[in-house]
Amino acid sequence: MTEVVGGTTDQQEQELARYAVLTEPVGRDLQALVDLAAQACGVPSVAINIITRDQQHQIVATAGIAPSVCSRSDSMCAAVMTERDAVVVPDATVDERFRSNPFVTGVIGAVRFYASAPLVTPDGVHLGRLCLFDESVRELTPEQETSLRTVAEQVMDVLELRLRSRELERANHHLALFAGQVSHDLRSPLTAILANVELLETEPVVARHGDLGTVVRAVSDAGRRMNRMIEEMLEFAVRGGRLSLVDTPLEHVFTLALTDLDPVVRQGGATVTVEMLPTVRADADMLYSVVLNLLTNALKFTRPGVPAQVTVGARRLGDVWRVTVADNGRGIEPARRREVFDLYDRGDDPDSHGIGLATTRRLVQAHGGRVGVEDSPAGGAAVWFELPAG
């Protein structure tokens, strides 16, 4: 980590802009911290001082003084920006760093006591200092010095939280735009497929051959489920991850998914066993996406020449249901069992887009649950997800 202190660098200017400390409203959180510092340290004046290339901004939050801006050359905090720890000066008139400062000499103020602690980003960039001062000479107890450092760290925690909230808001906005574009792109060919299937259903040859009619209806049902899933995914993104929770029988969800995967099961000679499953509070369409992805992976990642054997089961663990999809396939190495849920991790499949398990984790977490993977009794992978019970 490279620590940036002293003279303001381009990196500091970039961080000041990124944290938006000079443009966002003060907020009750920062004001409360400044008030707390004044009370804990027993001083009349406290300020969050942000140091830019040319100025000191005493406008983020203050207690006991009015917000103001001064030249960097006049700033007492700028004089100790290189200090990585708290600075405590009982009498600034006898301190070499401050005795000629206009805030001390009477030109701007008559500061005697000065103390400050650095405001440092996680990347080691100094933005300014949390400053205490008084027109009377005084000391800080060791406990008060600790309070000063702690409050300065809390100020950075608030700024960091604000930054992450803004980034998350932007990410959700881009996600909604992306979901809208993807849903539009997917719907065009899907609409054409459904239109052709509807035409097929009216053909006399389909009506005369029962098996053919069954296949056409299965394609039609799968297409409509896919259309609902696309709409739900878009709505999920637009709502910012909020779900439409209803009592959802897991057995029904797995039945729908296996109906859509029936050609894959038959073609590969796979065996799928579904044990007794509970009813949970869930978004049924989102849960269908989770189940479809896990079953698809279990049927896809097989060992050469060995048909897939998949077992679906559930067990109660305290206040959650753990649902497991276990197979006899290639398995997942222990070292990779966390990263397979990361976005764009393709595992051993070059044709994978690396979004299936990442989406699964996101949807399960939105339900308040967890996902994971362990060894399957059949020698493959057992991927599980947990959902709140009751």
Side-chain angles (χ1 to χ4, degrees), residues 1 3-8 12 16 21 26 29-52 55-122 124-160:
M1 181 176 72
E3 191 159 313
V4 180
V5 296
T8 305
Q12 279 178 291
L16 288 170
V21 287
V26 172
D29 43 11
L30 290 178
Q31 187 60 54
L33 288 174
V34 167
D35 293 339
L36 176 62
Q39 182 177 3
C41 297
V43 296
S45 303
V46 181
I48 295 175
N49 286 339
I50 301 300
I51 310 299
T52 64
Q55 296 177 315
Q56 169 183 278
H57 295 260
Q58 207 169 69
I59 60 175
V60 177
T62 62
I65 56 170
S68 64
V69 177
C70 73
S71 169
R72 180 188 172 97
S73 61
D74 291 335
S75 166
M76 296 179 72
C77 285
V80 291
M81 276 286 281
T82 56
E83 297 293 337
R84 295 172 173 82
D85 199 359
V87 172
V88 180
V89 180
D91 185 354
T93 63
V94 297
D95 189 285
E96 183 66 29
R97 295 166 294 184
F98 301 121
R99 63 186 181 186
S100 62
N101 187 283
F103 278 97
V104 177
T105 61
V107 175
I108 298 178
V111 172
R112 294 297 175 265
F113 167 79
Y114 169 87
S116 68
L119 304 175
V120 188
T121 72
V125 179
H126 288 228
L127 303 182
R129 299 183 74 87
L130 175 64
C131 174
L132 318 176
F133 52 95
D134 193 354
E135 293 184 353
S136 300
V137 175
R138 66 166 61 238
E139 299 273 0
L140 285 184
T141 67
E143 292 77 15
Q144 288 173 326
E145 283 194 43
T146 299
S147 296
L148 172 60
R149 295 186 186 94
T150 301
V151 174
E153 291 171 358
Q154 291 297 311
V155 168
M156 279 309 308
D157 286 344
V158 169
L159 295 179
E160 190 71 19

Student: For D95 and R97, work out which heavy atoms get closest and say how close.
Tutor: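 Looks like OD1-N, 2.9 Å.
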Student: Which is it for V89 and V94 under the side-chain contact (heavy atoms from CB on, under 4.5 Å) test, yes or no, and what are the steps along the way?
Tutor: CA-CA 9 Å; V89 180; V94 297; over 6 Å; no
Student: The criterion is side chain to side chain donor-acceptor pair (under 3.5 Å); which residues satisfy it with E160, sequence neighbours excluded?
Tutor: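 So E160 forms a side chain to side chain donor-acceptor pair (under 3.5 Å) with Y19, R164.
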Student: If you round to the nearest 0.5 Å, how far is CD of Q58 from CG of N49?
Tutor: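 That separation rounds to 4.5 Å.
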Student: Does the distance from a Lys or Arg side-chain N to an Asp or Glu carboxylate O, for R149 and E153, drop under 4.0 Å?
Tutor: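 Looking at R149 and E153, the cut-off is not met.
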Student: Compare every heavy atom of A78 with every heavy atom of S75, then report the nearest pair and how far apart it is.
Tutor: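 The pair with the smallest heavy-atom distance is OG-N, 2.9 Å.
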Student: Is any side-chain heavy atom of I50 closer than 4.5 Å to a side-chain heavy atom of I59?
Tutor: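 Not in contact.
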Student: For the residue pair M156 and L127, establish whether any side-chain heavy-atom pair is separated by less than 4.5 Å.
Tutor: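 A side-chain contact exists here, since the closest heavy-atom pair is under 4.5 Å.
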Student: Can you measure from OG (S71) to CD (Q55) and round to the nearest 0.5 angstrom?
Tutor: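 Those atoms lie 7.5 Å apart.
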Student: To check you understand the geometry: which heavy-atom pair defines the closest contact between R84 and H126, and what is its length?
Tutor: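 What the structure gives for the nearest pair is CA-CE1, 4.4 Å.
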Student: I'd like a table of donor-acceptor pairs (distance under 3.5 Å, sequence neighbours excluded) in which one partner is a side-chain atom from residues 31-43, with atom names and distances.
Tutor:
residue: Q31; atom: NE2; partner: D35; partner atom: OD1; Å: 3.1
residue: Q31; atom: NE2; partner: T62; partner atom: O; Å: 2.9

Student: Considering only heavy atoms from C-beta outward, does the side chain of D134 approach that of L132 to under 4.5 Å?
Tutor: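 Heavy-atom side-chain distance check fails, nothing below 4.5 Å.
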Student: Are any non-hydrogen side-chain atoms of Q144 and V88 less than 4.5 angstrom apart?
Tutor: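 Not touching, per the 4.5 Å side-chain cut-off.
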Student: Quick check for you: to the nearest 0.5 Å, what is the distance between S45 atom OG and E135 atom CD?
Tutor: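 Going from OG on S45 over to CD on E135, the span is 7.5 Å.
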Student: Quick one: does Y114's side chain get under 4.5 Å of V80's, heavy atoms only?
Tutor: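 A side-chain contact exists here, since the closest heavy-atom pair is under 4.5 Å.
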Student: Within a strict 4.5 Å, meaning less than it, do heavy atoms of the R72 and I51 side chains meet?
Tutor: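 Sidechains of I51 and R72: in contact.
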Student: Check for a donor-acceptor pair, side chain of D74 on one end and backbone N or O of N101 on the other, with a separation under 3.5 Å.
Tutor: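 No, D74 side chain to N101 backbone: no donor-acceptor pair under 3.5 Å.
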Student: Any chance you could measure D85, atom CG, to E145, atom CD, to the nearest 0.5 Å?
Tutor: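 That separation rounds to 8.0 Å.
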Student: If every non-hydrogen atom of R99 is compared with every non-hydrogen atom of T105, which pair is closest and at what distance?
Tutor: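 Nearest pair, atom of R99 first, then T105: O-CG2, 3.4 Å.
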Student: Is there side-chain contact between F133 and I65, with at least one heavy-atom pair below 4.5 Å?
Tutor: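 Yes, side chains in contact.
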Student: Give, for atom OG of S116 and atom CE of M76, the distance between the pair rounded to the nearest 0.5 Å.
Tutor: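 If I round to the nearest 0.5 Å, the distance is 9.0 Å.
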Student: Do you know which two heavy atoms are closest between A152 and L119, and how far apart they sit?
Tutor: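 Nearest pair, atom of A152 first, then L119: O-CD2, 3.6 Å.
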Student: Are side-chain heavy atoms of H57 and V21 found at a separation under 4.5 Å?
Tutor: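 No; the side chains remain at least 4.5 Å from each other.
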Student: What is the minimum heavy-atom distance between M81 and G128, and which atoms define it?
Tutor: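 What the structure gives for the nearest pair is SD-CA, 4.0 Å.
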